[in-house]
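Okay, so here's the structure we're looking at.
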Amino acid sequence: MKLKYVIVAASVVAVLVSSLYRPSAINSANLGVVKDTLQTSRLSFAGRVKAPTVAGSSHVWIYTDSAAEFYSVSTAGLKIGDTLTIGTGSYTIASIVDADEFTLTGNLASGDADDTDVIYLKSKPQHVITFTTASSIASGFFRVLIPAATSNFNDTAPDSTGFDFASGVAGTASDVSGYTFVTPVATVSGGTNCPSGWHCLEYHYTGAGGVGTTITLNIGATNGVNTPIAPAPKSGHAEGTADTYSFRVQNFANASDPTGTPTDQSTGKIGVIESVRVTATVDPTISFSIAGIASGANPCGTGTTNQTDVTTVTGVNAPLAVPFGTLSLNTFMDAAHLLTVSTNAANGYIVTAQENDQLGKDGGTTPFIVDADGDNGLANETTSDTWDTASGNPGFGYTLKSVSGATVPFTSTGANFNVRTFPSIADPDSPLVQTIMSSTGTADAHTANVCYRISVAATQAAGDYENQITYTATASF
Amino acid sequence: MNTKCKIPLFLIFIFITLLSPGMIHAAGYGLSLSPPLLRVNIKPGKAITQVFTITNLNNEDKLLVARVVPFSESDESGNPKIDLKTNPTWLNYINLANATIKLGSPFTVKANSSEQLILTFSAPMTAILRDLYATLLVSTYSNQISVPYQGSQISATIGANMLITIHSDVSPPTLLKINQLAPVSGSFIKFGNFYLADNITPIFFSSSVKNDGNFTSETKGIFKITDQKENPIYLEGILPVYVITNAQRTLLNINGGKFSFTPNLTQVGYFKATVQIKTDNSNAENSNDIFFFPFKIVIGIFFTAIFLNIIYRTTKPKVSD
């Protein structure tokens with residue numbers, strides 16, 4: 001029995017001794033909540049120029065099949081306003097035509113439009129790395145490793161397998177209690193104490209350190225200066241799917257060899273993806289409005305001599321009438337309307353005018369107030385004539401003035417009221433309609449004034465005279 | 001209530017009414033119509049429905065009337081020449097499917113609200129394969145011919161154009177012909193069949209296309225300048241517009257301007273300006289030869305040489321015998 005106890009005790013002692021003699025390896029602690037927040041997760045663009053792109057033109061076609069290191073095969077990652085490197089020149093995107101075409105704000109220079117010339121969009125997001133410390137390490141340093149390509153990782157061109165060093169990267173760090181940072185040191189992949197496949201940034205500090213302290217380290221700047229270039233799409237990249245990369249954050253004791261084992265370290269993930277081009281559809285539409293112009297306004301001409309008596313009587317409450325009221329013999333009476341057209345139709349709009357007949361007494365056809373032919377008898381539906389003398393030149397007519405944007409076929413100049421007559425449906429010799437305002441492109445509230453003028457002779461029979469004028473606004477096709 | 005009480009109350013009511021008139025809204029006319037253009041390809045025996053939205057932009061209800069009128073021509077800017085006098089039988093293919101709104105009958109659109117005009121186009125099996133062009137017009141409506149003053153009554157109309165092709169094919173063949181492609185501004189002269197142009201001055205071109213076929217086509221294509229080896233040295237897209245049958249359209253660049261090319265000093269010799277249209281149902285091309293030469297610089301050097309020669313001759317000291 002005694003021997004039995006001795007054997008058990010000896011076994012226990014043997015196990016304890018062997019455990020103490022060959023302890024298991026101890027891993028370094030993990031830094032807490034490690035994040036690398038990119039200013040933008042946008043991929044860089046690495047594509048190639050394709051024929052028929054030519055120098056001197058602003059239109060660019062791109063290859064839709066990939067080649068080594070050029071895996072951007074559609075315009076999905078581009079947007080208007082992006083600055084691109086094409087060949088050796090710098091250009092700005094004016095519009096995205098379709099999946100393989102876009103236009104530039106300027107023309108391509110010679111040498112930048114050859115087949116397979118490079119097209120780069122260099123996305124340079126600032127990295128903001130945050131974590132909490134796991135150990136209190138006095139006057140040590142942090143090291144951040146971001147992925148780099150194994151070749152051409154410092155040629156200022158986007159790489160498909162990592163960040164490009166862009167000829168120089170700088171870091172910054174924010175001082176916190178226990179950590180007072182000195183200027184960080186950035187080392188390109190394969191440089192001193194920096195392993196191949198990674199770019200390294202060391203953030204040395206003085207101070208006692210601390211446990212659970214939140215640290216913020218930056219790589220690059222928000223304006224892209226001294227900032228690594230984000231990767232272009234990987235080989236086999238699927239649009240809309242992020243390419244992911246790992247990064248490391250390490251905490252070393254004072255004067256440690258950075259190639260050695262850090263006291264604490266963690267690994268995190270970052271993802272880069274094409275920017276999302278936001279599109280929205282606006283339905284095409286055309287809007288047309290007519291408003292009366294208040295009495296006393298000076299809607300046509302330049303407001304001298306005769307134009308000063310354009311005492312418009314239309315008034316704001318009569319947008320669909322030209323109420324001249326009671327006329328004085330051999331005296332002008334004026335009125336005016338403001339026409340407004342808006343359309344997003346690409347080819348613009350046209351507004352035409354026509355009258356049903358000349359102004360007829362009590363709505364009849366005769367007697368009537370003739371359409372004016374001006375002072376010289378030259379005015380008709382398509383030709384204008386000055387009309388500044390009421391006596392001896394009775395009639396009814398109109399003139400135009402473009403207020404904003406609209407193209408009008410004629411206007412009054414200075415003191416002269418240049419008159420034309422409305423095309424008449426009742427007159428077989430008259431053109432059907434006449435254009436009074438138009439535009440060949442989209443219109444944002446184009447406006448024009450239509451100024452009416454009437455004068456009657458002493459021989460005009462008494463009565464109410466009226467007709468109907470139709471304005472028609474349509475979009476061009 | 002006796003009469004003595006009623007009279008003062010009535011007077012107070014009249015007094016308040018006169019002193020506090022109701023707010024008067026400025027009457028106006030403002031309408032919008034969407035879409036302003038409808039392009040339809042339809043097979044005989046089929047029908048399509050398109051909703052047009054008419055919006056009353058005023059603060060008061062408006063009485064409107066809708067109608068469809070044909071047009072057969074357009075100007076070079078794509079503006080229809082609406083013909084109110086004709087009434088072809090094919091207008092019967094077009095109707096409104098609204099329960100309460102009919103073509104030619106007035107309807108009310110409430111203030112600041114919209115109405116949908118559900119337009120149906122039914123092409124009978126026996127319909128002739130051709131293009132039909134019409135405009136949906138929505139006009140102000142008044143059943144009062146006489147106005148209480150003399151003058152003109154204004155009828156305001158807004159319209160949406162419809163380009164309808166009846167054919168079994170999606171893109172029936174048509175015939176586009178580019179009438180001319182010629183420089184219109186810049187420093188150039190015409191010499192025989194080609195143009196002599198200065199190569200430090202921008203040169204602008206005008207061009208137009210005519211549709212001699214029976215179906216509408218679209219102007220998709222490019223304007224290009226090529227060198228002697230037919231290599232393009234400049235490209236511009238053509239603004240896509242519709243060309244209806246028997247109509248002519250001005251061709252513009254993608255920005256709505258004239259085609260232009262700015263040569264440089266190294267570009268000397270024969271070049272070719274070409275307009276190419278290539279669409280689903282038609283192809284067309286026209287070109288012009290241009291000889292670029294630094295005329296302005298040569299002339300400048302020539303006159304400078306003459307000037308220097310004159311200076312030299314006038315300042316040269318005379319040798320006395």
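Heavy atoms only: backbone and side chains are in, while hydrogens, waters and symmetry mates are out. Here is the naming used below: chain letters follow the sequence lines, and residue numbers restart at 1 for every chain.
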Selection from Thr53(B), Thr135(B), Thr55(B), Leu163(B) maximising heavy-atom pairs under 4.5 Å formed with chain A: Leu163(B)
Who among Thr262(B), Leu235(B), Ile254(B), Leu252(B) has the most heavy-atom pairs with chain A under 4.5 Å? Leu235(B)
Say you draw a straight line from [atom1] of [X] to [atom2] of [Y]; how long is it, rounded to the nearest 0.5 Å?
{"X": "Ser438(A)", "Y": "Asp75(B)", "atom1": "OG", "atom2": "CG", "result": "8.5 Å"}
{"X": "Lys224(B)", "Y": "Ser57(A)", "atom1": "NZ", "atom2": "OG", "result": "12.0 Å"}
{"X": "Ser34(B)", "Y": "Asn344(A)", "atom1": "OG", "atom2": "CG", "result": "7.5 Å"}
{"X": "Lys81(B)", "Y": "Thr352(A)", "atom1": "NZ", "atom2": "OG1", "result": "12.5 Å"}

Can you confirm whether Lys210(B) is buried at NZ, in the sense that more than 12 heavy atoms of other residues, nucleotides or ligands lie under 6.0 Å from that atom? yes
Can you establish whether the number of heavy atoms outside Asp61(B) located under 6.0 Å from its atom CG is more than 12? yes
Examine distances only and state if a side-chain atom of Thr157(B) and a backbone atom of Thr472(A) form a donor-acceptor pair shorter than 3.5 Å. no
Would you find a donor on one side and an acceptor on the other, under 3.5 Å apart, between the side chain of Asn161(B) and the backbone of Ser476(A)? no
Toward chain A, the part of [X] with a non-hydrogen atom under 4.5 Å:
{"X": "Leu37(B)", "result": "side chain"}
{"X": "Leu33(B)", "result": "both"}
{"X": "Pro80(B)", "result": "both"}
{"X": "Ile82(B)", "result": "both"}
{"X": "Arg249(B)", "result": "side chain"}
{"X": "Ile222(B)", "result": "neither"}

Beyond-backbone contact of [X] with [Y], side-chain heavy atoms, under 4.5 angstrom:
{"X": "Ile469(A)", "Y": "Ile154(B)", "result": "yes"}
{"X": "Leu108(A)", "Y": "Tyr234(B)", "result": "no"}
{"X": "Leu57(B)", "Y": "Ser287(A)", "result": "yes"}
{"X": "Ser152(B)", "Y": "Leu359(A)", "result": "yes"}
{"X": "Leu38(B)", "Y": "Phe477(A)", "result": "no"}
{"X": "Leu31(B)", "Y": "Ile286(A)", "result": "no"}

Minimum-distance pair of heavy atoms, taken over all atoms of Ile233(B) and Val54(A): C-CG2, 3.7 Å
Just give me the residue among Ala475(A), Gly441(A), Ala473(A) that pairs up with chain B most often, heavy atom to heavy atom, under 4.5 Å. Ala473(A)
Checking heavy atoms, do the side chain of [X], its backbone, both or neither come under 4.5 Å from chain B?
{"X": "Asn107(A)", "value": "side chain"}
{"X": "Glu355(A)", "value": "neither"}
{"X": "Ile454(A)", "value": "neither"}
{"X": "Ile425(A)", "value": "both"}
{"X": "Tyr349(A)", "value": "backbone"}

Give me the ring orientation class for Tyr29(B) and Phe288(A): parallel if the planes are under 30° apart, tilted from 30 to 60°, perpendicular past 60°. perpendicular
